[in-house]
2 protein chains.
Amino acid sequence: MSTRKLKQPPSNEEFIPHLAYDSVIFGFNGKQLKILVLEYHNTGLFAIPGGFVKRNEDINDAVKRGLKERTGLSDIYLEQFHTFGSVSRSSAETMREILINNGYEVHNDHWLFDRFVSIAYYALINYEDVQPRPDELSDSINWYAIDDLPPLMMDHRAIVDKALENLRENLDKKLIGMNLLPAKFTMKDLQTVYEAILGEKLRRTTFQRKILAREILIRHEKLFTGGAHKAPYLYSFKDKNPIKGKKYA
Amino acid sequence: MSTRKLKQPPSNEEFIPHLAYDSVIFGFNGKQLKILVLEYHNTGLFAIPGGFVKRNEDINDAVKRGLKERTGLSDIYLEQFHTFGSVSRSSAETMREILINNGYEVHNDHWLFDRFVSIAYYALINYEDVQPRPDELSDSINWYAIDDLPPLMMDHRAIVDKALENLRENLDKKLIGMNLLPAKFTMKDLQTVYEAILGEKLRRTTFQRKILAREILIRHEKLFTGGAHKAPYLYSFKDKNPIKGKKYA
DNA sequence: TTCTTATTGTCTCAATTTGTTACAATAATA
DNA sequence: TATTATTGTAACAAATTGAGACAATAAGAA
């Protein structure tokens with residue numbers, strides 16, 4: 001019943017050789033910080049989403065293109081954080097395993113088996129409005145809690161760790177919460193995002209005071225959840241890009 | 001008298017195509033923060049030092065190799081800070097101008113005229129123990145004060161600006177001063193480095209108090225300069241890599 | 001209606017950190 | 001022995017952060 005596969009892998013003509021990108025896509029489900037991890041067909045190999053750069057394409061655009069394909073979202077918050085360039089990070093064996101198990105016909109000196117330098121980005125997206133789609137090579141793509149990841153292939157674990165490190169550093173400078181929460185949220189929601197990213201509990205009153213002191217939020221109506229207690233206000237972010245020097249955590 | 005040049009440019013066989021590095025090399029002359037800028041023969045083009053990555057070489061090693069060639073130093077403090085990947089940053093015309101004015105014979109589809117992605121690093125070196133050497137393509141290499149740079153070719157000015165931005169951010173986290181000063185220095189020396197990097201004056205007593213509170217310095221003998229005033233202590237850094245969370249500026 | 005409960009918004013006061021000024025302790029030199 | 005410029009530290013004020021207290025709810029239960 002099954003036909004012989006004759007698929008062609010990405011072409012050398014179209015893409016810059018030796019160059020790839022990888023993306024750590026963060027989402028927040030209301031409780032935990034998660035990232036998208038894909039699994040390749042019949043290999044048991046887990047990886048973060050990556051791709052190649054077209055010969056006449058900005059790297060930023062290549063990453064956006066990949067994210068669009070997998071999440072359906074455009075206008076995603078993206079941050080380039082490191083380029084991984086050791087020789088040892090590349091693994092021809094791993095690439096071969098992936099391609100073979102996807103039914104590709106590839107010769108031994110195919111460009112995908114070469115050494116690759118990877119430019120790594122992290123993305124922040126609103127968990128709720130995404131239905132992740134696996135790409136052609138992948139079996140599945142799923143959210144995994146940041147502290148419960150499957151073993152990742154090659155150096156992908158190191159990439160994720162470095163992404164998280166950078167995300168934590170940028171928590172001070174950029175408005176991280178804006179990209180991980182819906183437009184309106186409670187102060188507790190925001191605090192939970194901060195705690196999930198930092199991996200530690202914060203003091204409620206201090207957090208609230210500091211966030212409010214920054215004057216980056218607009219207060220809206222109250223949210224009545226049905227809980228037997230005072231209803232919290234809803235907030236939204238005032239500005240897209242204030243960049244203040246103040247700390248809030 | 002002069003012979004016809006028949007030099008060969010770097011070979012496509014040896015290097016990864018489309019991939020380069022650029023380095024912003026910071027030094028401190030006791031007063032100002034400076035960087036190394038080179039000028040290409042007969043072109044009036046100024047650039048920061050860069051190079052290519054061998055096919056079987058870690059990118060970090062490629063940068064170290066380039067730095068060693070130009071400064072004679074190994075064991076240089078290096079920090080990768082960004083990868084520049086827009087299509088528009090590359091300029092075949094500029095490359096052609098440089099190669100032609102160096103007497104190279106290159107065909108029109110030479111690999112150096114292709115689009116390049118550049119991984120950018122900054123380095124911190126001790127100004128005093130360096131005698132910069134121009135490379136084969138360059139006329140000269142000289143120190144320029146960070147606020148008095150010549151016009152730089154292509155996007156090199158943006159690379160320098162981003163390097164400085166990153167250096168300022170890392171002033172908190174890493175022991176920047178260690179790499180820009182001699183082994184022993186006065187508190188005033190250290191403050192001057194901080195001021196040169198930040199581009200602003202700091203309050204003497206607060207600076208001294210905060211630095212001392214971090215307990216990263218060892219106090220040595222006094223330094224008698226011959227000035228008609230109290231002699232300052234000399235200090236050195238205690239540890240290579242403490243990484244404290246405290247701020248000191 | 002009136003309790004009870006959990007949560008929220010805000011206030012207060014203590015502890016810590018930072019900003020600012022003051023001042024004594026030098027190294028030369030006059 | 002004065003004079004001068006600079007350095008190391010102390011002292012106090014101002015600002016920020018930590019830690020608790022507490023009144024104001026929004027339900028549901030009594």
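Protein chains get the first letters and strands the later ones, always in sequence-line order, with residue 1 at the start of each. Quick caveat, the model's predicted, so the values are computed rather than measured.
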Original post:
Taking OH from B/Tyr233 and P from D/dT6, how many angstroms apart are they, rounded to a whole number?
Top reply: 19 Å
**OP:** Rounded to the nearest angstrom, tell me the gap between atom CD in A/Gln208 and atom P in C/dC11.
**Re:** 11 Å
Subject >> Plane angle bin for B/Phe46 and B/Tyr144 - parallel if under 30°, tilted between 30 and 60°, otherwise perpendicular >> reply: perpendicular
Original post:
Atom CG of A/Leu212 to atom P of D/dT17: distance rounded to whole Å?
Top reply: 14 Å
Original post:
Given atom CZ of A/Phe207 and atom P of C/dT10, what is their separation to the nearest angstrom?
Top reply: 15 Å
Original post:
A/His220 NE2 to C/dG9 P: how many Å, rounded?
Top reply: 14 Å
**OP:** Would you give a per-nucleotide map of nucleotides 20-29 of chain C, 5' to 3', where B means the base has a protein non-hydrogen atom under 4.0 Å away, S means only the sugar-phosphate does, and - means neither?
**Re:** BBB--BBBB-
Original post:
In whole angstrom, what separates B/Lys210's NZ from D/dT9's C1'?
Top reply: 17 Å
**OP:** Determine, for B/Arg65 against B/Asp61, whether the closest basic-nitrogen to carboxylate-oxygen distance falls under 4.0 angstrom.
**Re:** no
Original post:
Taking atom types as modelled and ignoring hydrogens, do the side chains of A/Ser138 and A/Asp135 form a donor-acceptor contact shorter than 3.5 angstrom?
Top reply: yes
**OP:** Identify whether the distance between the nearest side-chain nitrogen and carboxylate oxygen of B/Asp147 and B/Lys34 falls below 4.0 Å.
**Re:** no
**OP:** Kindly determine whether B/Phe52 and B/Phe116 satisfy ring-ring contact (aromatic ring centres under 6.0 Å, His included), including the steps that lead there.
**Re:** CA-CA 10 Å; B/Phe52 306 105; B/Phe116 272 83; 5.6 Å; yes
**OP:** Say whether A/Ser86 and B/Asp58, considering side chains only, have a donor N or O and an acceptor N or O under 3.5 Å apart.
**Re:** no
**OP:** Please report, rounded to the nearest Å, how far the P atom of C/dA6 is from the CG atom of A/Leu223.
**Re:** 20 Å
Original post:
Roughly, in whole Å, what's the span from CG in B/Leu190 to P in D/dG8?
Top reply: 12 Å
